[in-house]
Amino acid sequence: MAETPQIKDEKKIGDVPESVEINLEAGVAMEAGNVVDEGILVKTNPLARGLKSRHMQMIAVGAFIHLPIHVSLTDEKFCVEGGAIGAGFFVGSGSALSNGGPGGLVLGFAVIGSLLLCTVQALGEMAVLYPVNGAFYTYVVRFVDPSLGFAVGWEYAIGWLTILPFEISAFALTIEFWRDDINIGVWVMMFTVLIIVIQVFGVRGFGEVEFVLSIIKVVGLVGFIILGIVIDTGGTGPQGYLGAKYWHHPGAFRNGFKGFCAVLTFAAFEYGGTEMVGLAAAEAKNPLKSLPLATKQVLWRMVFFYVVSLFMVTLLVPSSDPDLLNASGANSKFSPFVIAIKLAGIKALPSIFNAVIVISTLSVANSSLYASTRTMQALAERGMGPKFVAYVDSKGRPLVAIAIQLAFGMLGFVGESGNATTIFYWIIALGGLSNFFAWGAINFAHIRFRSAWKAQGHSLDELPFKAMFGVIGSYYGFFVNVLGMATTFYTALFPLGGSPDAIDFFQSYLAAPIFIALYLFWKIYSREWKMFVPLTEMDITSGRRALILDPSQMPPPKTWANLPIRIVRALV
């Protein structure tokens with residue numbers, strides 16, 4: 001057999017990276033046991049693989065963090081509704097309860113949760129086999145169409161770029177709960193400096209911060225669920241036994257089908273960021289072990305931290321409570337979680353929940369930096385963005401992409417402007433639908449991947465990790481995703497409690513024409529007129545993890561002896 005020479009990296013654009021081996025007999029490039037991604041055009045230092053299994057597991061929880069399209073003017077100051085297990089979840093869920101009622105709220109989150117479960121499973125299958133930079137964006141380029149991948153990737157990056165300034169502003173407004181005598185610009189600068197410090201430590205800094213902050217949020221939700229059970233059964237407070245009283249009066253659903261559509265749209269934004277588990281695969285130390293565990297835990301954590309906690313809220317707060325109409329932004333006193341405990345006569349909670357929201361804004365900002373920078377760097381490395389954005393330093397940090405995101409974060413100072421509300425409305429609209437585009441593309445890419453895998457002579461037994469619901473789950477996920485986009489269009493065109501308005505519509509749906517423009521631009525620029533990559537021409541080799549693996553890299557086999565620890569890991 002021919003000797004396999006080692007090619008040394010001389011730090012020149014176009015050279016093969018260090019530690020890459022060329023298999024002369026097979027004619028393919030190998031890097032650390034993986035086939036090098038042939039689509040990469042700009043060679044640079046690899047991203048650091050510093051994320052451990054515990055980091056990946058908490059990212060699966062803490063990354064449910066997108067930003068609903070909602071900005072309100074309160075006391076001449078803009079309030080931005082944060083996302084997921086953050087300001088949006090703790091506060092904005094009150095508006096959703098008022099719009100759709102308790103049944104609509106729980107059902108809406110359950111439906112979108114089922115979509116995300118199928119999506120994450122499909123993404124996990126591809127990410128374990130191809131732990132490449134750019135994750136699902138790369139899969140769309142390979143398995144569907146480069147133009148669609150270009151549009152999905154940039155829309156996703158734009159969506160996360162717009163989040164950081166809002167979270168910075170939300171942080172400043174939340175701090176005013178305690179100190180309203182200090183200009184919010186001080187808090188904006190302090191928050192920005194803190195974010196910069198985290199970036200100094202690279203992906204390990206992101207992982208550790210997200211690990212700690214996610215634990216705090218989880219503990220807060222667990223505490224509320226336990227307290228909610230005590231309140232509902234009459235264990236404390238003047239209300240006595242409540243049971244399902246508020247489901248009967250004022251009723252399980254409000255505002256009919258339109259109210260449910262409003263909840264469905266809200267839930268879709270609140271679940272945003274779930275796909276970040278796959279995005280982090282390229283920087284995981286052992287994605288074969290950590291990714292399957294993280295994706296499997298999504299089911300239990302979605303049920304427990306979303307559906308169960310919101311169900312407890314519906315038992316404790318009537319959907320007709322007038323304070324719910326003001327549940328927006330970072331105004332924690334109108335959070336349904338706070339209202340529930342106030343109705344029970346428990347004091348001092350607003351400060352506690354305000355502290356949780358402050359922590360949540362930092363978590364959201366931390367994740368927005370990670371998602372946007374890794375996506376932009378991957379786009380540039382593949383020739384779909386400026387080459388200089390692809391730069392990664394010797395410590396595995398995409399510094400140029402980080403600088404762009406931090407510069408965009410300076411828009412947080414716009415909060416002191418009299419036109420802040422108008423400006424933020426339109427900035428949010430740029431990436432408002434990025435969740436739907438990303439999730440739909442993931443499911444579609446998985447469907448196409450499975451077809452190509454079979455067409456090119458492979459069997460499912462070769463896959464190191466298989467999606468729980470197979471390709472049927474991806475068809476379901478894609479269908480529900482299309483349904484979600486339709487309900488968003490419906491509520492944007494016919495808003496709840498209002499009449500059709502062009503400005504309101506485009507502030508909710510502006511991302512759609514931008515997405516189409518991005519798609520058409522790359523079609524024209526690349527002159528690739530095929531709608532889809534043919535199955536027999538699809539690249540299912542580049543970046544693929546070796547299928548013959550060291551047993552030590554594999555997840556432990558399932559036995560009765562390790563059943564208890566597997567149950568604990570699934571829930572914790």
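Side chains are part of it too, since the values below use all heavy atoms of this structure and drop only hydrogens, waters and symmetry mates.
- Residues meeting the salt bridge (Lys or Arg N to Asp or Glu O under 4.0 Å) test with Arg450, sequence neighbours left out: Glu125.
- Between Tyr509 and Phe489, the two ring planes are perpendicular [angle over 60°; tilted spans 30° to 60°].
- Taking the side chain as every heavy atom from C-beta outward, Leu117 and Phe469 approach each other to under 4.5 Å.
- Contacts of Phe515 classified as side-chain contact (heavy atoms from CB on, under 4.5 Å), with partners at least two apart in sequence or in another chain: Leu148, Ala151, Val152, Glu155, Phe437.
- When the side-chain contact (heavy atoms from CB on, under 4.5 Å) test is applied to Cys261, the partners found at least two apart in sequence or on another chain are Phe257, Thr487, Tyr490, Thr491.
- Leu316 has its side chain out of reach of Leu343: every pair of non-hydrogen atoms, C-beta onward, lies at least 4.5 Å apart.
- Asp232 places no side-chain N or O within donor-acceptor distance of the main-chain N or O of Leu242, the cut-off being under 3.5 Å.
- Within the 4.5 Å cutoff, no side-chain heavy atoms of Phe260 are placed close to those of Asn255.
- Judged by distance alone, the side chain of Asn443 and the main-chain N or O of Ala122 form no donor-acceptor pair under 3.5 Å.
- Remark: Thr162 OG1 to Phe408 CZ distance equals 6.5 Å, nearest 0.5 Å.
- In this structure, OG on Ser474 lies 15.0 Å from CZ on Phe479, to the nearest 0.5 angstrom.
- In this structure, Leu194 and Met190 have side chains that are not in contact, with every pair of non-hydrogen atoms separated by 4.5 Å or more.
- Taking the side chain as every heavy atom from C-beta outward, Asp321 and Pro336 never approach each other to under 4.5 Å.
- Between the side chain of Thr375 and the backbone N or O of Ser372 there is no donor-acceptor pair closer than 3.5 Å.
- Interatomic distance, Asn435 CG to Met485 CE, rounded to the nearest 0.5 Å: 10.5 Å.
- The minimum heavy-atom distance between Cys118 and Gly473, with the atom names listed, is CB-O, 3.3 Å.
- The minimum heavy-atom distance linking Trp160 with Ser368 is given by the pair CE3-CA, 3.3 Å.
- Side-chain atoms of Gln239 and Ile231, non-hydrogen and from C-beta on, do get closer than 4.5 Å to each other.
- Taking CD1 of Ile472 as the start and CD1 of Ile447 as the end, the distance is 9.0 Å to the nearest 0.5 Å.
- Distance CG/Leu107 to CD1/Ile112: 10.0 Å, rounded to 0.5 Å.
- The shortest side-chain heavy-atom distance between Tyr246 and Leu97 does not fall under the 4.5 Å cut-off.
- Counting all heavy atoms, side chain and backbone alike, Trp247 lies closest to Val106 at CZ2-CG2, 4.1 Å.
- Residue Tyr475 places its OH atom among 12 or fewer non-hydrogen atoms of other residues, nucleotides or ligands, all under 6.0 Å distant.
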Report the C-alpha separation of Leu369 and Ile198 in whole Å, then their side-chain angles, then the decisive distance to 0.1 Å, and conclude whether the side-chain contact (heavy atoms from CB on, under 4.5 Å) test is met. CA-CA 10 Å; Leu369 261 161; Ile198 294 173; over 6 Å; no
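- Between atom OG1 of residue Thr233 and atom CD1 of residue Ile229 there is a gap of 8.0 Å, rounded to the nearest 0.5 Å.
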Kindly indicate, with the supporting measurements, whether the criterion side-chain contact (heavy atoms from CB on, under 4.5 Å) is fulfilled by Phe224 and Val313. CA-CA 9 Å; Phe224 174 80; Val313 165; 3.8 Å; yes
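- Shortest non-hydrogen contact noted between Asn481 and Phe436 is ND2-O, 2.9 Å.
- Closest of all the heavy-atom pairs between Tyr156 and Ala371 is OH-CB, 4.2 Å.
- When every heavy atom of Tyr476 is checked against every heavy atom of Leu115, the shortest pair comes out as CE2-N, 4.3 Å.
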